[in-house]
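The structure appears below as structure tokens.
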Amino acid sequence: MSFEWREIEEKWRRRWEEARIFEADPDPKRKKCFVTFPYPYMNGPLHLGHGFTACRVDVYARYKRMRGFNTLFPWAWHWTGEPIVGAALRVKRGDKDMIRMLREIDGVPEEELSKFTDPVYMAEYYTAEGRETVKRIGFSVDWRREFHTTSLEPTYSRFIEWQYETLRKKGYVVKGTHPVVWCPHCKSPTGDHDRLEGEGVSAEEYTLLKFQFEDTYLPAATFRPETIYGVTNMFLNPDATYVEALVDGEKWIISKEAAYKLSEQLRKVEILREFKGTELIGKYFIDPVSKRRLPILPGWFVDPNSATGVVYSVPAHAPADWIAIRDLMEKPELLKKFGIDPRVVKEIKPISLIKVEGFGEYPAIEIVEKMKIKDQFDPKVDEATSIVYKKEFHTGVLKPITGKYAGRTVREVKAELIEDFKRDGIADSMYDLPEKVVCRCMTRCIVKVLSDQWFLKYSDPEWKELAHEAIDRAKIFPESARAYFHEKIDWLRDWACARRTGLGTPLPWSPDWIVETLSDSTIYMAFYTIVKHIRQYNIRAEQLTNEVFDYIFFGLGDPERLAEKTRIDIDVLRGMREEFLYWYPVDLRVSAKELVPNHLSFFIFQHTALFPPELWPRAIGVNGMLSIEGKKMSKSKGNFLKLSDAVERFGADVTRLTLLLGAEDMNDPDWRDENAKSIDLRLRALYRFVSEIIGLEGESEVRNIDRWLISVLQGRIRTVTDAIENLKTRTAAEVALFEIWNDIRWYLRRAENPNPKILLEVVDVWIRLLAPFIPYICEELWHMIGRDGFVSTADWPLPDESKVDVKAEEAEDMIRELINDTANIIEVTKITPKRICYYVSSDWKWKAYLEMLQASTSGKVDMGSVMKSLMRDPELRRLAKKVSAYVGKSLQEVNTLPDDKRRRRLEAGEMDELKILNEARSFIEREFKAEVLIFSEDDPERYDPKNRAGAAKPYRPAIYIE
RNA sequence: GCGGGGGUGUCCGAGUGGUCAAAGGAGGCAGGCUUAGGACCUGCUGGCGUAGGCCUGCGCGGGUUCGAACCCCGCCCCCCGCACCA
């Protein structure tokens, strides 16, 4: 039998659409469930990563729907931002890489390509393709609520305007300044993707220590201001160009480059004169802390491009400084050129200020010697610096010379010390790049401080507190992600929420700015609840005044007056308010872990800013990042798989299940075509298997094995249900498909004549358990077993305690163990068995065993006390010797039995092993192709030539094979 | 560097103190079906062992415990994020 997935999938997709089963409207009589997937950005097609996360949402939605929840799963498209515009621009310019990527990876047809010069067309194209893909893969979406972002969707734009005006009113949006990596040529921030060199490098704040020099300052840049206590001299590059400049009114000596940089950092810089470093070499400056007079020495290693180009020297703790001084000591002729008396350098004594384990007085000197560093141009200098720095920062304790900071670690005092120094006027700061960054246009980048930026005040401690609380109130899947959220909430600084370019919604109070993409996507789930009405009643953006949104989302104002003013029907207005209140809060939002520090945290922050706690998100799922064939997905590396291609090649159910079986929690799933192929075969086999077993004929009598199957099924139902509740979608899918399948296979192997009623019951449950994962084939199977309606809306099975039969399960375990043991013996002895004899335990062993088990529930059992209590039983007393031998052999087993197993065995009580084995006899005979005889160990008539019977233990019959 | 996650058998991957030689899947092997099969079905799948046992084993090295894949300490390695960007 062979069939096409596509046929089945199209059939059921059509029927679902016709029956509108995924359209959800408020129904006060039913509990609701509102799940969301972060709308995907439409600068390209949906890929398998989207598919993975959305599958998890869909499984949850489908499960909740089957549990009777009125379930809403809406979908929308994110158009906000720069990349779509950038991509269109690249097409317009005829960028070959871009066009090749569109053609080969995105699969854009030739006749469409020319239209991609228009960013809006591009977004529309991918949206249309995405919509079809989402439908084909079978996500249970209510399409009446679909929308996209930006001013091209005026009602959404109005929503964002309202959101930002409200945030601003509440003080969460403020104006400020911000340092960015900046290309002076392009006159714009240089993001990672716009760089030729310096990926990942960002602005760092250097502390400037202002050493006095005549009537000016030499602001030396450092990350280690605490080392000022060990300063011995200054280094300037004699060949570099320095300037004397007024910086905010103070006279500074800095490199020429530094002057330019400072002028871009909101400093007022006025250059007074230019000169070479040489000019100052040999002169003296004053250390503002100790007031000592120290020399300025030549240092060719000093880079005028790095910060101020002024470096102070701490030879005890900075390897580079020590080497530079040593170089000068060894080459007095260099000093002579600058007219410096070599004694000046000879007399420099390193000053130790940090005590650090593993080093003596002068860590820098020690490491330079240890690493055998030649001179200041040796590349090993950086490594040495980093080693000393790390060690001193983490474990270094400041010495008495540091005054009030003495006795504490560097790590502890750093921030405080900088603050103190700044207050005392001896320190300042500037931004710079720790490594060279070069723009695509070949220009070297600097740090610019942008002013007039609009920020979301995520740094606000009170707001952070609310966000923490929201996380504490929510369910977080997996639980381990909770700490991650808390960490990231603390770490977040103010977020520049507006940009100059790209698609989006203009800031209402400053329309030359556009609300930035991560900032217009934080509470839009609320928009899903009303966009239905907006469409249905053709409500225009102008009608959606701030008062209207205040009413819908906050319940403020008088709806009658509003209706009059906006000419929105009063019932529609009320309907929107009710619909919002019905669906909110969001019951589950799922995304990949990369979005925790930004989108998901923003989502939390803004909900706490705008809504009361009862409307904060109830649960957040976080999952891993999908890779393809073991490699990170990347368009530029050609390692990219469109979701639509996977569905096209493998079908919706196969794609879904392959993704879902890939991983759960924060583990990263890996898509492999091989896996998809084997899932394809599996699902075809499933179809066949179900159609075969529902046609089986057999006994209607209910035997132990029948009770076993029904009983273990209850456990499977519980496992799958609990797993989905906790978004453990992989576990759920694995148990639902493979474990239940194996249960049925064991049943078929065991039962000579399977009971059709039992099988139908099991299959009925099985299909329902599988439906959230592979809905299409399940609809087909549901139909095949004669059920009406959709499995998608059938009742979710729940475990029936009355069908749990611990005794039947324990009996079956015992038989499996016995078969394993038997097989083991046969393998070892290499005999071909003709006859297998089993001897089951006598009643007194059971009595003793159960009593031991009971005793072990309240702690470890020891020989003495257990024997004492057993001997109170007259029957056991008569067999004292045998009992004590048996107890001795069983004690350890009883004591190490896991609690769960102990409970189950106590609940099962004494097993009628004779009956159980007799019922399984023909099965065992079939398995071993031998005659099977079963006796009680104390049966005087038993056949027992090797006297094995005595070895029988409860759950472990003795075996004799010949 | 900081923060988060992780290293398990041939591979993927579950497992967080005894049920663990370790679920499930893939691959491999054997048998069945078949004209044949890379299709399907069934079973087996660390090593050793002439009686249900023993040995080795869960990144590396120590430790705690009657008992450790699981707890503690130290080390090595991999993945993700680190801000104006989706």
Side-chain angles (χ1 to χ4, degrees), chain A residues 2 38 40-41 43 78 80-84 178 180-181 189 191-193 200 202-203 386 389-390 393-394 450 453 455 458 478 480-481 483-485 487-488 490-499 502 516-519 521 592-599 622 624-625 627 630 632 661-670 672 674-675 677-679 681-682 684-685 688-689 692 730-731 734-735 737-739 741-742 745 748-749 813 817-818 820-831 860 892-893 895-902 904 927 946 948 951 956-961:
Chain A
S2 91
Y41 186 62
N43 67 335
H78 205 189
T80 308
E82 179 61 35
I84 295 176
H178 185 69
V180 294
V181 178
D192 248 359
H193 305 290
S202 58
S386 144
Y389 178 83
K390 268 184 226 164
F393 180 75
H394 290 105
L450 296 176
Q453 285 270 313
F455 288 93
Y458 293 137
S480 62
Y484 193 16
F485 273 106
E487 175 62 39
K488 289 305 156 192
D490 280 334
W491 160 91
L492 268 171
R493 306 195 300 261
D494 290 346
W495 184 263
C497 62
R499 285 222 69 181
E516 171 271 337
T517 171
L518 285 171
S519 302
S521 54
K593 59 190 173 189
E594 59 173 352
L595 295 190
V596 170
N598 42 67
H599 167 70
V622 179
M625 309 266 295
S627 58
K632 194 166 145 179
L661 285 171
E664 65 192 6
D665 295 346
M666 288 204 270
N667 298 323
D668 302 325
D670 180 27
R672 289 180 191 261
E674 277 304 310
N675 292 352
K677 281 179 199 144
S678 101
I679 294 297
L681 295 176
R682 269 286 170 176
R684 287 170 198 278
R688 228 173 13 249
F689 186 62
E692 277 162 20
R730 185 194 136 92
T731 300
E734 194 267 315
V735 173
L737 184 67
F738 297 114
E739 306 282 1
W741 200 327
N742 285 344
R745 274 170 48 197
L748 293 175
R749 182 175 161 196
D813 278 358
E817 272 310 302
L818 190 61
N820 281 347
D821 284 346
T822 307
N824 189 355
I825 295 166
I826 291 169
E827 198 201 322
V828 170
T829 57
K830 298 186 177 72
I831 44 185
K860 210 173 258 183
Q892 200 199 343
E893 183 211 316
N895 276 328
T896 58
L897 205 64
D899 286 345
D900 177 56
K901 196 79 182 163
R902 180 176 294 125
R904 291 168 65 86
E927 290 287 304
K946 285 269 166 72
R948 303 250 181 230
R956 214 144 192 227
I959 304 169
Y960 168 66
I961 302 173

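Numbered from 1 within each chain, the chains take letters A, B, ... in sequence-line order.
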Query - Nucleotide nearest A:Leu681 (side chain, heavy atoms from C-beta), chosen from B:rA86, B:rC40, B:rG49 - result: B:rC40

Query raised in the report: Contact class for A:Arg948 (heavy atom, under 4.0 Å): base, sugar-phosphate, or nothing?
Result: base

Query - Contact under 4.0 Å: A:Arg672 side-chain N or O vs B:rA26 OP1/OP2 - result: no

**Report entry** Pair of N/O donor and acceptor under 3.5 Å linking B:rG52 base with A:Asn824 side chain
**Finding:** no

Report task. Between B:rG5, B:rA23, B:rC40, spot the one nearest the side chain of A:Ser480, thanks. Result -> B:rG5

Query raised in the report: With sugar-phosphate meaning primed atoms plus P, OP1 and OP2, does A:Asn667 contact a base, only sugar-phosphate, or nothing at under 4.0 Å between heavy atoms?
Result: sugar-phosphate

Query raised in the report: Do you know which two heavy atoms are closest between A:Pro478 and A:Asp665, and how far apart they sit?
Result: CB-OD1, 3.6 Å

Query raised in the report: Which is true for A:Leu897 with a 4.0 Å heavy-atom rule: it touches a base, it touches only sugar-phosphate, or it touches nothing?
Result: nothing

Requested in this report: Looking at every strand, decide which applies to A:Leu450 at a 4.0 Å heavy-atom threshold: base, sugar-phosphate, or nothing.
Outcome: nothing

Requested in this report: Specify the residue among A:Phe738 and A:Asp668 whose closest nucleotide of RNA chain B lies further upstream toward the 5′ end.
Outcome: A:Phe738

Query raised in the report: Which is true for A:Gln453 with a 4.0 Å heavy-atom rule: it touches a base, it touches only sugar-phosphate, or it touches nothing?
Result: nothing

Report task. Would you indicate what A:Arg493 reaches in the nucleic acid, counting non-hydrogen atoms under 4.0 angstrom: base, sugar-phosphate, or nothing? Result -> base

Query raised in the report: Looking for any heavy atom pair under 4.0 Å, which part of the strands does A:Lys946 touch: base, sugar-phosphate only, or nothing?
Result: nothing

Query raised in the report: Which of these nucleotides, B:rG52, B:rA86, B:rG49, is closest to any side-chain atom of A:Glu82?
Result: B:rA86

Query raised in the report: How is A:Arg745 classified with respect to the nucleic acid when contacts are heavy atoms under 4.0 Å: base, sugar-phosphate, or nothing?
Result: sugar-phosphate

Requested in this report: Find the distance between CD (A:Glu927) and CZ (A:Arg749) and round it off to the nearest 0.5 Å.
Outcome: 4.0 Å

Query raised in the report: Could you state the interatomic distance from CD1 (A:Ile825) to CD1 (A:Ile961), rounded to the nearest 0.5 Å?
Result: 4.5 Å

Query raised in the report: Could you state the CG-C1' distance from A:Asp821 to B:rA21, rounded to the nearest angstrom?
Result: 15 Å

Report summary line: Residue pair A:Met666/A:Gly662 against RNA chain B: nearer the 5' end by closest nucleotide is A:Met666

Query raised in the report: Base, sugar-phosphate, or nothing for A:Glu487, non-hydrogen atoms under 4.0 angstrom?
Result: sugar-phosphate

Requested in this report: Identify whether any heavy atom of A:Pro957 sits under 4.0 Å from a base atom; if not, whether one sits that close to sugar-phosphate; answer base, sugar-phosphate or nothing.
Outcome: base

Report task. Output yes if the stacking criterion (under 5.5 Å between centres, under 30° between planes) is met for A:Trp491 over the base of B:rA83, else no. Result -> yes

Query raised in the report: Hey, does A:Leu518 reach any base, or is it just sugar-phosphate, or nothing, if we go heavy atoms under 4.0 Å?
Result: base

Query raised in the report: Which distance, rounded to the nearest 0.5 Å, do you find between the CZ of A:Arg902 and the CG of A:Asn895?
Result: 7.0 Å

**Report entry** Side chain of A:Ile959 (C-beta onward), nearest among B:rG52, B:rA23, B:rG49
**Finding:** B:rG52

Query - Presence of A:Ser202 side-chain N/O under 4.0 Å of B:rA83 phosphate oxygens OP1/OP2 - result: yes

Query raised in the report: With sugar-phosphate meaning primed atoms plus P, OP1 and OP2, does A:Asn742 contact a base, only sugar-phosphate, or nothing at under 4.0 Å between heavy atoms?
Result: sugar-phosphate

Requested in this report: Could you tell me whether A:Ile961 contacts a base, only the sugar-phosphate backbone, or nothing, with contacts defined as non-hydrogen atoms closer than 4.0 Å?
Outcome: base

**Report entry** Any A:Arg682 side-chain N or O less than 4.0 Å from OP1/OP2 of B:rC40
**Finding:** no

Requested in this report: Measure the spacing between CD1 of A:Ile84 and OG1 of A:Thr517 and express it to the nearest 0.5 Å.
Outcome: 8.5 Å

Query raised in the report: Do any side-chain nitrogens or oxygens of A:Lys632 fall under 4.0 Å of OP1 or OP2 in B:rC80?
Result: yes

Requested in this report: Tell me what A:Val180 touches on the nucleic acid: a base, only sugar-phosphate, or nothing, going by heavy atoms under 4.0 Å.
Outcome: nothing

Requested in this report: Please determine which of A:Ile826, A:Asn820, A:Val828 meets the side-chain contact (heavy atoms from CB on, under 4.5 Å) test together with A:Asn824.
Outcome: A:Val828

